[in-house]
Amino acid sequence: LLFLNQLQKDLEEVKELLTKATRKRLRDVLMTEKHKLELEIKNQPQPKPKDVVEEEKSLLGGYTVKINNYGWDQSDKFIKIYISLNGVQKLPAENVQVNFTERSFDLLVKNLNGKNYTMTFNNLLKPISVEGSSRKIKTDMVLVMCRKKREEKWECLTQVEKESKEKEKAAYDTSDPSEGLMNLLKKMYAEGDDEMKRTINKAWVESREKQSKGDIPMDI
């Protein structure tokens, strides 16, 4: 755009000089330059209207955001995933795309407030029907409907979640109750905030003091 402005200023100056030039040789040189500048200006890409520029900027600009927050529910036939996205109902329907496979789905929301939003679920706990699954656009929300192949209750959404729960449960289901309690305390300490850590430390010190005095037979 800056280069185009310079060319136009050069052309104006050449035209100004032509009105003052009287010598034929000088006029021929100026006329040649005039034609050259006009051709250059003609071949320059024309600036686009502001609304077109803003639309293109909106489509191409921004960045992709990975969605991590969602809610879910289930009925006998469907697993329902609720994703909150402000203003999503204002988008063209084709901007909200979901691709299903038997054990996964990908959500892509394009150009929502200058950003793209994605969410991927792999290794769903149980198989779903691709043909029977769909998505619905609601006010400030996308609802992904995964049709269950078998009408049975899902304990969680993915195989990874199930394995994680089983490992956690195994850590506490021990034949020694004190070992299960210790594992639980370790987890609470690792995941807790400063207040939680102080509380656990205090309880630990007090239990050790009581044990050393013989008040309680506690072996942890």
Indicate the atoms forming the closest heavy-atom contact of Cys146 with Ser133, along with that distance.
-> CA-OG, 3.5 Å

Can you name the closest pair of heavy atoms from Ile128 and Ser104 and give their distance?
-> CD1-O, 4.2 Å

Answer with yes or no whether the hydrophobic clustering places Val144 together with Leu124; edges join I, L, V, M, F, W, Y residues whose side-chain heavy atoms lie under 4.5 Å apart.
-> yes

Not counting sequence neighbours, which residues clear side chain to side chain donor-acceptor pair (under 3.5 Å) with Lys20? List them please.
-> none

Please test Asp106 against Thr120 for side-chain hydrogen bond (donor to acceptor under 3.5 Å, both in side chains), starting from the C-alpha separation and ending with a verdict.
-> CA-CA 5 Å; Asp106 292 293; Thr120 300; 2.8 Å; yes

Output, in order, the C-alpha distance, side-chain angles, deciding distance and verdict of side-chain contact (heavy atoms from CB on, under 4.5 Å) for Met145 and Ser134.
-> CA-CA 5 Å; Met145 305 278 289; Ser134 62; 4.0 Å; yes

Starting at CG of Leu30, measure out to CG of Leu17 and round the result to the nearest 0.5 Å.
-> 5.5 Å

For Asp10, enumerate each residue passing the side-chain contact (heavy atoms from CB on, under 4.5 Å) test, keeping only those at least two apart in sequence or located in another chain.
-> Leu37

Applying ring pair (Phe, Tyr, Trp, His ring centres under 6.0 Å), which residue pairs with at least one partner in residues 14-37 are found, sequence neighbours left out?
-> none

In the hydrophobic clustering that connects Ile, Leu, Val, Met, Phe, Trp and Tyr at side-chain heavy-atom distances below 4.5 Å, which members other than Val160 occupy its cluster, ordered by chain and number?
-> none

The side-chain contact (heavy atoms from CB on, under 4.5 Å) partners of Lys148 (sequence neighbours excluded) come to Gln74, Ile79, Trp154

Transitively linked via ILVMFWY side-chain contacts under 4.5 Å: Leu26 with Leu11?
-> yes

pair Thr118-Thr64: side-chain heavy atoms closer than 4.5 Å = yes

Please list, chain by chain and in numerical order, all residues satisfying side chain to side chain donor-acceptor pair (under 3.5 Å) with Arg198, sequence neighbours excluded.
-> Glu195

Greater than 12 external heavy atoms within 6.0 Å of Asn69's CG | no

Using the salt bridge (Lys or Arg N to Asp or Glu O under 4.0 Å) rule, collect all pairs that involve residues 22-37, keeping only residues at least two apart or in two chains.
-> Lys24-Asp28, Lys34-Glu38

Kindly compute the distance separating CD (Glu12) from NZ (Lys9), expressed to the nearest 0.5 Å.
-> 8.5 Å

Do Val142 and Leu107 come within less than 4.5 Å of each other through their side chains, counting heavy atoms only?
-> yes

Could you check if a side-chain atom of Val96 sits within less than 4.5 angstrom of a side-chain atom of Arg135, using non-hydrogen atoms only?
-> yes

Please set out all donor-acceptor pairs under 3.5 angstrom arising from side-chain atoms of residues 81-90, sequence neighbours excluded.
| unit_1 | atom_1 | unit_2 | atom_2 | d |
| --- | --- | --- | --- | --- |
| Gln89 | OE1 | Asp140 | N | 2.8 |

So do Leu108 and Lys110 actually touch side chain to side chain, heavy atoms under 4.5 Å?
-> yes

Val98, Met141: one ILVMFWY side-chain cluster at the under-4.5 Å cut-off?
-> no

Output the distance between atom OG (Ser129) and atom CZ (Phe78), rounded to the nearest 0.5 Å.
-> 8.5 Å

Asn95 side chain to Val109 backbone, donor-acceptor under 3.5 Å = no

By ring-ring contact (aromatic ring centres under 6.0 Å, His included), Phe121 pairs with (sequence neighbours left out) Tyr70, Phe105

Taking the side chain as C-beta and beyond, is there a heavy-atom pair between Lys115 and Val65 under 4.5 Å?
-> yes

Please name all residues satisfying side chain to side chain donor-acceptor pair (under 3.5 Å) with Lys149, sequence neighbours left out, ordered by chain then number.
-> Glu102

Glu151: what forms a side-chain contact (heavy atoms from CB on, under 4.5 Å) with it, not counting sequence neighbours?
-> Asp76, Lys77

Check side chain to side chain donor-acceptor pair (under 3.5 Å) between Glu13 and all other residues, then give those that pass, not counting sequence neighbours.
-> none

Can you tell if the side chain of Arg103 reaches within under 4.5 Å of the side chain of Asn123, non-hydrogen atoms only?
-> no

Can you tell me how far SG of Cys156 sits from NZ of Lys126, rounded to the nearest 0.5 angstrom?
-> 9.0 Å

How about Leu91 and Leu112: do any of their side-chain heavy atoms sit closer than 4.5 Å?
-> yes

With a 4.5 Å limit on heavy-atom distance, are the side chains of Glu155 and Glu161 in contact?
-> no

Are Tyr117 and Phe100 in one and the same hydrophobic cluster, where Ile, Leu, Val, Met, Phe, Trp and Tyr link if side-chain heavy atoms are under 4.5 Å apart?
-> yes

